[in-house]
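What follows is a short report on a single structure.
Heavy-atom basis, side chains included; hydrogens, waters and symmetry copies ignored. For ligands, and for the atoms within them, numbers begin at 1 and follow the listed sequence. Residues take their numbers from the sequence shown, with the count starting at 1.
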Amino acid sequence: MKISGSFLTIQEDPNKITKLNEVTDYMHFDVMDGKFTENPTLPFEKIIQNTIKVTNPKDIHLMVNDIKKYVDITSSINPDYITFHKEASKNILEDIKYIKDKNIKAGVAINPETDVNEIIDYLKDIDLVLVMSVHPGKGGQKFIDIEDKINKLTDYRNKNDLNYIVEVDGGINDQTINKVKNADLVVVGSFITNHEDFQKQVNKLKS
Ligand code: DX5
Ligand code: ZN
């Protein structure tokens, strides 16, 4: 299991972002338009400036309605993955292709109330499934138990010989991480960034 660091609550602090990069495997870029979610994130040009020292592979989480527009904007930083929300997409296959045509791996995210069956037909076409364990919008929320979805997605992958990775996002701490053991990539924000010693928090997650 790898950790993707979410810097949503420290997005204005380049030094802390660099510190988070040092203790995680991936960096998770939350991008919100203030339409799909209530509040927007900083403009992406500002996020680029604040993450200039990030060296980890980049995992972009688009919480936006206009998916292609934000794929164009965010693809400029050479991300490994760009993930969009099933609930925002008008044509899932078209959006997947739009990302893959830029030589970037494509992911689909589902909100806590969205069933895995709603994306089952697309699993053969994607590289990542992001299972939300909070409602998209802000860091530091309480974990919603989505353990069944993770297990269903990993079982389905193994039975059907598919290749996508399963990522989980929201409310992960040293307790809730035990509920998502089968996930490949775990997004963690405030459990790390609300404390002075980032490495100590990561050690707690790993033990
Ligand atoms: C929520 C975001 C998450 C969030 C994770 O809308 O997508 O990435 O920042 O932060 P924590 O770990 O604080 O829930
Ligand atoms: Zn996220």
Side-chain angles (χ1 to χ4, degrees), residues 1-13 16-17 19-21 23-42 44 47 50-51 54 56-65 67 70-71 74 77 79-89 99 105-114 127-147 149-150 165-180 183-196 198 200-202 204-206:
M1 176 193 283
K2 293 202 156 126
I3 296 179
S4 194
S6 163
F7 53 87
L8 189 57
T9 59
I10 52 165
Q11 57 177 339
E12 309 210 38
D13 189 335
K16 283 193 179 170
I17 293 175
K19 235 173 82 180
L20 183 63
N21 174 76
V23 298
T24 51
D25 306 295
Y26 280 77
M27 284 289 268
H28 181 83
F29 286 62
D30 286 307
V31 179
M32 304 182 194
D33 62 359
K35 295 181 183 123
F36 183 75
T37 53
E38 210 168 298
N39 296 307
T41 38
L42 291 179
F44 201 67
I47 295 184
N50 292 355
T51 54
V54 165
N56 284 348
K58 301 178 180 86
D59 144 42
I60 297 203
H61 178 195
L62 297 180
M63 290 164 273
V64 303
N65 285 338
I67 293 165
Y70 281 90
V71 170
T74 59
I77 63 166
D80 265 45
Y81 293 96
I82 298 182
T83 299
F84 62 88
H85 268 264
K86 189 260 159 198
E87 299 84 5
S89 178
I99 297 169
K105 291 180 220 157
V108 174
I110 51 172
N111 280 340
E113 63 278 5
T114 302
D127 303 292
L128 178 150
V129 181
L130 174 51
V131 179
M132 292 301 293
S133 40
V134 296
H135 295 286
K138 52 182 192 290
Q141 301 183 74
K142 193 170 175 292
F143 178 81
I144 298 168
D145 192 346
I146 39 61
E147 195 178 0
K149 286 190 198 179
I150 308 270
I165 65 164
V166 178
E167 181 178 31
V168 60
D169 184 8
I172 300 296
N173 57 37
D174 54 353
Q175 305 300 313
T176 56
I177 199 160
N178 296 312
K179 293 255 175 201
V180 298
D184 306 290
L185 191 56
V186 176
V187 179
V188 189
S190 55
F191 180 72
I192 301 174
T193 59
N194 280 355
H195 295 80
E196 203 43 50
F198 286 9
K200 190 171 151 198
Q201 294 303 103
V202 170
K204 284 188 202 164
L205 291 168
K206 290 194 167 159

Any donor-acceptor pair under 3.5 Å linking the side-chain atoms of D30 with those of T41?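 No donor-acceptor contact under 3.5 Å links the two side chains.
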Can you tell me if N111 and T114 form a side-chain donor-acceptor pair at under 3.5 Å? no
Show which side-chain atoms of residues 187-194 pair as donor or acceptor with protein atoms under 3.5 Å away, not counting sequence neighbours.
from: T193; atom 1: OG1; to: T9; atom 2: OG1; distance (Å): 3.1
from: T193; atom 1: OG1; to: G189; atom 2: O; distance (Å): 3.3

Centre-to-centre under 6.0 Å for F29 and F7, is that the case here?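 Yes, close enough.
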Around atom NZ of K204, are there more than 12 heavy atoms of other residues, nucleotides or ligands at under 6.0 Å? yes
Protein neighbours of ligand 1 with a heavy atom under 4.0 Å, given by chain and number, are S6, L8, H28, D30, M32, H61, M63, M132, P136, G137, K138, G139, G140, D169, G170, G171, V187, V188, G189, S190
Should D145 and K179 count as an ion pair when the cut-off is N to O under 4.0 Å? yes
Passes side-chain contact (heavy atoms from CB on, under 4.5 Å), M27 versus I17? Steps please. CA-CA 9 Å; M27 284 289 268; I17 293 175; 3.7 Å; yes
Of all residues at least two apart in sequence or in a different chain, which pass the side-chain hydrogen bond (donor to acceptor under 3.5 Å, both in side chains) check with E147?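 Result, side-chain hydrogen bond (donor to acceptor under 3.5 Å, both in side chains) vs E147: none returned.
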Evaluate side-chain hydrogen bond (donor to acceptor under 3.5 Å, both in side chains) for T24 paired with N56, printing each intermediate quantity in order. CA-CA 8 Å; T24 51; N56 284 348; 3.1 Å; yes
How about the Zn ion (ligand 2), which protein N, O or S atoms come within less than 2.8 Å? H28 NE2, D30 OD1, H61 ND1, D169 OD2
